[in-house]
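These notes concern the structure reproduced below.
Note that this is a predicted model, so its numbers are computed, not measured.
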Amino acid sequence: MESASQDINLNSPNKGLLSDTMTDVPVDNTASARTSAPEGLTDAEEEELRSELAKVEEEIGTLRQVLAAKERHCGELKRKLGLTPFDGLKQNLSKSWHDVQVSNAYTTTSEKLGEWNEKVTQSELYLSASSTLEDWNEKLTQSEAYKKTQETLSQAGQKTSAALSNVGSVISRKLGDMRNSTTFKSFEDRVGTIKSKVVGSRENSTDLHSPTGSGDKPPQDNAPF
């Protein structure tokens with residue numbers, strides 16, 4: 001113990017060196033590399049389990065390769081048939097919904113909901129509430145306030161329709177009066193006069209440029225004697 005404490009001392013000339021007692025301890029590299037066996041298993045049982053684990057992992061890898069090949073073949077068949085990914089998704093959703101509908105949980109839930117609905121609709125509270133609502137509705141529709149409101153709305157609609165009809169009639173009458181007015185007729189006459197002048201000037205210009213524009217007078221002979 002004294003030699004060990006002297007080696008640990010920083011002022012010792014042998015600092016950093018192991019004591020003689022530490023150098024005599026053997027080191028087993030293989031034992032440190034392997035994990036300790038679980039309790040209750042012998043070495044033979046552990047070796048058998050490790051061998052079985054290796055076989056299972058090898059089978060998993062083989063199955064993954066086979067699955068990948070099957071998926072590629074399935075994709076090629078879908079491509080030849082013209083099936084799109086959307087069709088596959090729709091088919092998967094339909095199948096999933098069918099599986100849900102035929103599942104025990106869905107059937108049980110539907111039955112429970114049906115039973116609860118029947119119990120609620122047949123309960124005294126539901127029947128009493130429905131009867132009360134019907135009484136309120138009947139009283140409301142038969143009340144004077146409701147009738148007056150309905151009559152007021154009907155009269156307002158009739159007045160609005162009559163007002164719109166009157167506005168249309170007034171506009172038509174104003175347009176007729178404007179067309180029959182002296183100002184509109186004077187403007188119309190001026191437009192007709194301008195139009196006739198434009199048409200006459202176009203006809204005169206056409207006659208001047210035509211070969212027969214100079215009347216029936218034959219063309220002069222400008223040849224020398």
Note to self: Is it the case that atom CD in Gln101 sees more than 12 heavy atoms from other parts of the structure closer than 6.0 Å?
What the structure shows: yes
Members sharing Trp136's hydrophobic cluster, built from side-chain contacts under 4.5 Å between Ile, Leu, Val, Met, Phe, Trp and Tyr, are Leu133
Using a 4.5 Å side-chain heavy-atom cut-off and chaining through intermediate ILVMFWY residues, the residues clustered with Leu89 come out as Leu93
Joining Ile, Leu, Val, Met, Phe, Trp and Tyr whenever any side-chain heavy atoms lie under 4.5 Å apart, the cluster holding Ile60 also takes in Val56
Using a 4.5 Å side-chain heavy-atom cut-off and chaining through intermediate ILVMFWY residues, the residues clustered with Leu153 come out as none
Would Glu47 and Asp43 count as a side chain to side chain contact (heavy atoms under 4.5 Å, CB included) here? Give the steps.
CA-CA 6 Å; Glu47 191 66 25; Asp43 294 340; over 6 Å; no
Hits for side chain to side chain donor-acceptor pair (under 3.5 Å) against Thr84, two or more places apart or cross-chain, chain-then-number order -> Asp87
Residue pairs meeting side-chain hydrogen bond (donor to acceptor under 3.5 Å, both in side chains), one or both in residues 148-159, sequence neighbours left out, come to none
In short, side-chain hydrogen bond (donor to acceptor under 3.5 Å, both in side chains) pairs touching residues 53-82 with sequence neighbours left out are Glu76-Arg79
Residues at least two apart in sequence or cross-chain that pass salt bridge (Lys or Arg N to Asp or Glu O under 4.0 Å) with Asp135, listed by chain then number, are none
Taken in chain and number order and not counting sequence neighbours, the residues that satisfy side chain to side chain donor-acceptor pair (under 3.5 Å) with Asn117 are none
Please answer whether the main-chain N or O of Asn92 pairs with a side-chain N or O of Ser96 as donor and acceptor at a distance below 3.5 Å. yes
- Task: State whether the number of non-hydrogen atoms from other residues, nucleotides or ligands found under 6.0 Å of Glu48 atom CD is greater than 12.
- Result: no
Quick note, side-chain hydrogen bond (donor to acceptor under 3.5 Å, both in side chains) partners involving residues 118-130, not counting sequence neighbours, are none
Check: residues 102-116 side-chain donor-acceptor pairs under 3.5 Å, at least two apart:
{"unit_1": "Ser103", "atom_1": "OG", "unit_2": "Val100", "atom_2": "O", "d": "2.5"}
{"unit_1": "Ser103", "atom_1": "OG", "unit_2": "Tyr106", "atom_2": "N", "d": "3.4"}
{"unit_1": "Thr107", "atom_1": "OG1", "unit_2": "Ser103", "atom_2": "O", "d": "2.9"}
{"unit_1": "Thr108", "atom_1": "OG1", "unit_2": "Asn104", "atom_2": "O", "d": "2.7"}
{"unit_1": "Thr109", "atom_1": "OG1", "unit_2": "Ala105", "atom_2": "O", "d": "2.7"}
{"unit_1": "Ser110", "atom_1": "OG", "unit_2": "Tyr106", "atom_2": "O", "d": "2.9"}

In terms of heavy-atom contacts, Lys147 and Gln142 come closest through CE-O, 3.8 Å
N/O donor-acceptor pairs under 3.5 Å from side chains in residues 160-168, not counting sequence neighbours:
{"unit_1": "Thr160", "atom_1": "OG1", "unit_2": "Ala156", "atom_2": "O", "d": "2.8"}
{"unit_1": "Ser161", "atom_1": "OG", "unit_2": "Gly157", "atom_2": "O", "d": "3.0"}
{"unit_1": "Asn166", "atom_1": "ND2", "unit_2": "Ala162", "atom_2": "O", "d": "3.1"}

